Amino acid sequence: MVSPSFSVQKDSNQQRSADTLIILDFETTGLSPNMGDRAIEIGAVKLEKGQVVDSFQRLMDPGFRINSFIENYTGISNAMLAGEADCETVMTEFADFVGDANLIAHNASFDKKFLDAEFERVGFQYSGGFSCSLLLSRRINQDAPSHKLGDLIRYKQIPSEGQFHRALFDAEMTAKLWCLMIDDIKQQYNLAEVPFALVQKICKTPKAKVAEVIGKWRGE
DNA sequence: TGCCAGGCCCTCTTTAGGGCCTT
């Protein structure tokens, strides 16, 4: 069992850099912002050199009642959202948290479309790249029976005490999974570091050619 | 009336179809 170091320290100087990673997760009213769905919770952790240095969690009022499926799925009720700030207020705060960092999410295509939609409403565009722990897992954990976040946490025997389908907990679990996969890549391919650009390249590579791509990256 | 996401990825593919994953 491997347990990535995960102590939370406050980022006192608010320094931002392209080397900083933000691992984020949305809870939403549904699957598609194009169908009118909105975010109801954002959770994120900030990683620097594999260490969590800050975190962000806010509920937000989408402006309409959420259905019972979402209440049951997330544990977030309409009563919990009543009186919370609206999405625009929360996402403006989150834009400040994100800065110019690179971004990661599990099944990033889902979180990216909500992030893009909510940021567009507040006129913010992030400058960092976006990568996906699910795509990386499909290439690194090829024997995993499933690539659902909860299943991967159990498969990798990562300690977890909390409620899945809440934004901050899922972001924390994704961060642990991410760190473990990066460690696996370092160990398997004898790399001192795994730059974000290499991860993005791996995620675009067919599974059968991952070793070849990493070998080329190393200059072999 | 009935349906309404969408990107990725595999295969019985590529002029397509269907499962996986996210809420």
Side-chain angles (χ1 to χ4, degrees), chain A residues 22-45 56-81 84 86-87 90-91 94 103-121 126 129-156 158 160 162-178 180-181 199-213:
Chain A
I22 302 287
I23 293 85
L24 64 96
D25 183 72
F26 276 109
E27 304 306 319
T28 69
T29 64
L31 292 172
S32 173
N34 290 336
M35 300 290 289
D37 290 316
R38 300 294 303 272
I40 57 173
E41 187 181 37
I42 177 74
V45 295
F56 185 98
Q57 185 275 329
R58 299 282 191 284
L59 290 169
M60 56 191 116
D61 183 354
F64 54 88
R65 290 182 63 80
I66 60 175
N67 63 42
S68 58
F69 172 81
I70 296 298
E71 283 188 312
N72 293 329
Y73 187 81
T74 64
I76 298 170
S77 66
N78 283 292
M80 291 166 66
L81 296 176
E84 294 290 341
D86 60 21
C87 298
V90 171
M91 293 311 296
F94 188 60
L103 305 169
I104 294 163
H106 196 69
N107 197 14
S109 65
F110 174 84
D111 292 279
K112 185 177 185 302
K113 65 185 178 184
F114 274 95
L115 186 70
D116 289 346
E118 295 294 351
F119 271 169
E120 185 176 359
R121 289 171 178 268
Y126 54 87
F130 216 127
S131 195
C132 177
S133 55
L134 186 148
L135 295 184
L136 185 61
S137 178
R138 282 177 173 163
R139 287 154 179 81
I140 300 304
N141 301 313
Q142 295 189 17
D143 294 332
S146 154
H147 296 276
K148 292 179 183 175
L149 179 60
D151 290 345
L152 284 169
I153 295 301
R154 285 182 283 275
Y155 174 73
K156 299 299 286 184
I158 296 172
S160 60
Q163 183 183 354
F164 282 106
H165 305 305
R166 285 300 301 268
L168 182 57
F169 185 72
D170 280 4
E172 289 172 342
M173 291 299 102
T174 301
K176 288 186 177 183
L177 175 66
W178 183 266
L180 204 50
M181 290 193 292
V199 174
Q200 288 186 303
K201 198 173 184 65
I202 292 171
C203 288
K204 291 178 182 174
T205 300
K207 285 193 292 188
K209 292 193 172 181
V210 168
E212 179 184 335
V213 163

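Chain A is the first sequence line, chain B the second, and so forth, proteins listed ahead of strands; every chain is numbered from 1. On a predicted model such as this, the values are computed, not experimentally measured, just so you know.
- Nearest to the side-chain atoms of Met35(A) among the listed nucleotides dT23(B), dA5(B), dC21(B) stands dA5(B).
- Both Thr205(A) and Asp25(A) lie close to DNA chain B; mapped to their nearest nucleotides by heavy-atom distance, the more 5′-ward contact belongs to Thr205(A).
- On the C1' atoms, dA16(B) is 28 Å away from dT23(B), given to the nearest whole Å.
- Here dC21(B) presents its C1' atom at 7 Å from NE2 of His106(A), a figure rounded to the nearest Å.
- Nucleotide dG7(B) holds its C1' atom 13 Å from the CZ atom of Phe110(A), rounded to whole Å.
- The distance from atom CG of Leu136(A) to atom C1' of dT22(B) is 17 Å, rounded to the nearest whole Å.
- Between Asp116(A) and Lys113(A) there is no salt bridge, since no side-chain N of the basic residue sits under 4.0 Å from a carboxylate O of the acidic one.
- In this structure, the nucleotide among dT23(B), dC8(B), dA5(B) sitting nearest to the side chain of Tyr73(A) is dT23(B).
- A residue-by-residue look at Asn34(A) and Lys148(A) shows that Asn34(A) has its nearest nucleotide of DNA chain B further toward the 5' end.
- Here Phe69(A) lies in heavy-atom contact (under 4.0 Å) with a base.
- In this structure, CG of Leu135(A) is placed 14 Å from C1' of dC10(B), rounded to the nearest angstrom.
- In the model, Ser137(A) has a side-chain atom that pairs as donor or acceptor with a side-chain atom of His147(A) under 3.5 Å.
- Taking the charged nitrogens against the carboxylate oxygens, Arg38(A) and Glu118(A) do have a contact shorter than 4.0 Å, which makes a salt bridge.
- Residue contacts shown for Thr29(A) are absent, as no nucleic acid heavy atom lies under 4.0 Å away.
- Between the P atoms of dC3(B) and dC8(B), the separation comes to 28 Å (whole Å).
- Spacing between dT14(B) and dC9(B) at atom C1', rounded to whole Å, works out to 13 Å.
- Atom P of dG2(B) sits at a distance of 29 Å from the matching atom of dG7(B), rounded to the whole Å.
- Residue Asp37(A) is classed as having no contact, given no heavy-atom separation below 4.0 Å to the nucleic acid.
- In this structure, the NZ atom of Lys112(A) is 17 Å from the C1' atom of dC21(B), given to the nearest Å.
- Relative to the side chain of Asn107(A), the nucleotides dC4(B), dT22(B), dT23(B) differ in distance, and dT22(B) lies closest.
- Of all nucleotides listed (dA5(B), dC8(B), dT23(B)), dA5(B) comes nearest to the side chain of Ser32(A).
- One can place NZ of Lys209(A) at 14 Å from P of dC9(B), the figure rounded to the nearest angstrom.
- In the set dC21(B), dT22(B), dT23(B), the nucleotide with an atom closest to the side chain of Leu149(A) is dT22(B).
- Note: NE2 (His147(A)) to C1' (dC9(B)) measures 11 Å, nearest angstrom.
- The same atom, C1', is picked in dC4(B) and in dC10(B); the two are 26 Å apart, to the nearest Å.
- dC20(B) and dT15(B): their P atoms are spaced 25 Å apart (whole Å).
- Contacts of Leu31(A) with the nucleic acid, taken as non-hydrogen atoms under 4.0 Å apart, include base atoms.
- Residues Met173(A) and Phe164(A) form a side-chain contact, since some pair of their non-hydrogen atoms from C-beta on lies under 4.5 Å apart.
- The side-chain tip of Arg121(A) does not point at the ring of Phe119(A) from less than 6.0 angstrom away and within 45° of straight on.
- Across all strands shown, Asp170(A) has heavy atoms under 4.0 Å from sugar-phosphate atoms exclusively, and none from any base.
- For Ser146(A) and dC21(B), the shortest distance from a side-chain N or O to OP1 or OP2 is below 4.0 Å.
- Following rounding to the nearest Å, Lys204(A) (NZ) and dG7(B) (P) show an atom-to-atom distance of 15 Å.
- You'll find that the side chain of Lys207(A) is closest to dC10(B), out of dC10(B), dC4(B), dC21(B).
- In this structure, Asp170(A) and Phe26(A) have side chains that are not in contact, with every pair of non-hydrogen atoms separated by 4.5 Å or more.
- A salt bridge between Glu41(A) and Arg166(A) is present, with a side-chain N of the basic residue lying under 4.0 Å from a carboxylate O of the acidic one.
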